[in-house]
Protein chains: 2
Amino acid sequence: MKIDPNSTADLSAQIAKAIRDAIVSGALIVDARLPSEAELAEQFEVSRPTVREALKRLAAQSLIRTQRGAFGGAFVNRLSYEEAYGQQITTSTLLLSMNSVGFETACEARFALERACAPLSAERRSADHLATMRAEIHRQSQPGLTDEAFCASDVAFHRALVDGACNPVLSYQLAGAVEAMQPLMNMITFTARSRDAIVELHTGIADAVEAHDGPRAVAGLASLEAHTQDLARTVITARARSHDG
Amino acid sequence: MKIDPNSTADLSAQIAKAIRDAIVSGALIVDARLPSEAELAEQFEVSRPTVREALKRLAAQSLIRTQRGAFGGAFVNRLSYEEAYGQQITTSTLLLSMNSVGFETACEARFALERACAPLSAERRSADHLATMRAEIHRQSQPGLTDEAFCASDVAFHRALVDGACNPVLSYQLAGAVEAMQPLMNMITFTARSRDAIVELHTGIADAVEAHDGPRAVAGLASLEAHTQDLARTVITARARSHDG
DNA sequence: CCAACCTTAATGTCAGACCTTTAAATGTCT
DNA sequence: AGACATTTAAAGGTCTGACATTAAGGTTGG
């Protein structure tokens with residue numbers, strides 16, 4: 001683990017990279033303890049604040065955790081699915097909001113990925129997954145729900161569908177695609193009629209999953225995508241007209 | 001932007017969270033300049049090193065960039081696809097390697113997602129995407145290629161396939177799934193015969209994409225998944241036997 | 001034998017200083 | 001007047017040294 005003093009990059013960035021590489025390559029295994037900050041400072045020939053900045057960078061990526069007190073220190077962190085979900089969602093959300101990704105593009109990606117899960121979910125879903133889907137459908141059909149609550153329930157429904165595939169890697173990948181769409185979906189005002197249509201489509205998907213009918217679930221998702229795209233187009237058109245006037 | 005002095009969490013973590021929330025919520029827009037480190041220290045009533053640690057956390061997530069010199073400072077960063085890819089790949093790779101995700105699970109997720117892209121890619125791929133796929137196939141059929149180079153070419157082939165869908169969000173999501181598999185694939189020793197089989201399957205997929213035949217591309221990917229799973233099972237069985245003996 | 005205390009090794013935080021970079025402002029020459 | 005060189009100030013990057021806080025482990029007294 002050495003650094004290049006001639007590089008233009010920050011020392012803390014270089015040190016973080018050196019340690020990160022050691023972790024990713026497997027040289028530092030899970031729960032291994034790094035040298036203390038003072039020792040790292042000596043090894044890299046920098047001061048302790050610089051080492052600390054490097055460690056904070058790694059902590060931000062959940063690569064390490066720190067513990068105070070005697071026999072404390074920085075330890076290589078086992079990246080949990082929870083943490084990975086969180087990072088995935090944050091990154092995806094920012095990517096969508098900052099790069100003016102069109103609703104159409106994001107929506108297409110989301111449903112394409114979700115359709116990939118549907119056959120697996122239809123095959124393997126537990127009664128629990130199905131119950132969650134039904135519960136969310138019920139919530140969505142209640143009157144007086146705010147648009148945001150409706151969207152949140154929509155996300156919960158789709159997460160249950162994805163989780164039904166019983167593949168944590170798939171759930172992780174989809175978390176970003178589904179959750180990051182929520183801010184975009186929140187721009188849509190759902191009329192009572194469009195809510196009814198969505199609830200109906202959700203019900204069809206849940207029925208298909210219950211019947212272990214993968215193809216029908218895929219078809220249901222395709223219909224839902226078409227409906228969602230229609231809805232968005234309507235909202236965008238209306239907004240454009242009001243701007244013109 | 002206020003912090004809770006009674007919290008058990010690090011001050012730098014709290015400050016990072018406060019600023020991150022401001023960015024994600026849109027209160028701080030792209031290219032907005034944060035107050036200087038000294039000003040932030042005053043606002044949050046902490047010292048400059050603490051502020052710096054918070055800023056490094058954000059820099060690690062590519063949420064901000066810093067610039068030295070007069071009129072420099074920390075600016076909200078537009079998250080580029082490149083940076084997002086990188087983070088996605090790092091996180092996915094660690095998630096797979098640290099949680100002893102089975103090859104089977106990861107492989108299933110990867111191909112499920114990739115099949116979701118195939119129809120779109122068959123529809124929209126440019127001549128360039130197709131040329132990349134053909135070039136990688138050619139590289140894969142050359143003798144004397146190391147297993148690692150073969151795997152790298154395999155990844156390049158699949159990325160071209162995914163990019164063919166012309167949906168950057170999809171490419172971003174798939175980057176993690178495809179690249180993170182590489183370390184797992186590297187555990188497999190490819191015999192000449194299995195390489196031939198893979199090249200043949202790749203050729204079939206490329207042919208389907210060239211013919212704008214989505215369903216055939218999906219079928220090709222399914223065959224490739226089955227073959228890859230077979231290969232892995234063989235390797236794992238052989239390894240288990242040698243451990244017993 | 002167990003509980004309260006102390007020691008100690010870490011991280012967390014602070015204050016102040018100095019170095020380096022950078023762009024804007026100023027000055028000078030043609 | 002305009003182009004080029006110089007100065008300057010603002011801001012991040014780094015260092016030093018110190019103190020506060022925490023928690024594990026040993027020690028001591030009941």
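A, B, ... follow the sequence lines: proteins, then strands. Residue 1 opens every chain. Nothing here was measured: the structure is a model prediction, and the numbers come from that model.
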If a pair satisfies salt bridge (Lys or Arg N to Asp or Glu O under 4.0 Å) and one of its residues is in residues 144-160 of chain B, list it, with sequence neighbours excluded. Arg110(B)-Asp154(B), Asp147(B)-Arg195(B), Arg159(B)-Glu179(B)
Here the salt bridge (Lys or Arg N to Asp or Glu O under 4.0 Å) pairs for residues 51-61 of chain A, sequence neighbours left out, are Glu37(A)-Arg52(A), Arg52(A)-Glu53(B), Glu53(A)-Arg52(B), Lys56(A)-Asp10(B)
What does nucleotides 20-26 of chain C look like as a protein-contact string, B for base, S for sugar-phosphate only, - for none, at under 4.0 angstrom between heavy atoms? BBBS---
For Arg33(B), which residues count as a salt bridge (Lys or Arg N to Asp or Glu O under 4.0 Å) partner, sequence neighbours excluded? none
Among residues at least two apart in sequence or on other chains, which ones pass salt bridge (Lys or Arg N to Asp or Glu O under 4.0 Å) with Arg20(B)? none
Bounded by its outermost nucleotides with an atom under 4.0 Å from a heavy atom of chain A, the footprint on DNA chain D reads dG13(D) to dA24(D)
Those residues at least two apart in sequence (or on a different chain) that pass side chain to side chain contact (heavy atoms under 4.5 Å, CB included) with Asn77(B) are Ser62(B), Arg65(B), Glu83(B)
Taking C-beta and beyond as the side chain, do Leu174(B) and Leu113(A) meet within less than 4.5 Å on heavy atoms? yes
ring-ring contact (aromatic ring centres under 6.0 Å, His included) contacts touching residues 78-116 of chain B (sequence neighbours left out): none
Sorted by chain and residue number, the side chain to side chain contact (heavy atoms under 4.5 Å, CB included) partners of Ala160(B) (sequence neighbours excluded) come out as Thr132(B), Met133(B)
Please list, chain by chain and in numerical order, all residues satisfying ring-ring contact (aromatic ring centres under 6.0 Å, His included) with Tyr172(B), sequence neighbours excluded. none
List for me each residue that meets side chain to side chain donor-acceptor pair (under 3.5 Å) alongside Glu39(A), sequence neighbours excluded, and say none if there are none. Ser36(A)
Specify the separation, in whole Å, of atom CG of Leu11(A) and atom C1' of dC19(C). 13 Å
Identify, residue by residue, the members of residues 47-59 of chain B with a heavy atom below 4.0 Å from DNA chain D, and return them in order of residue number, or none. Arg48(B), Arg52(B), Lys56(B)
Under 4.0 angstrom, heavy atoms only, what part of the nucleic acid is Arg33(A) near: base, sugar-phosphate, or nothing? sugar-phosphate
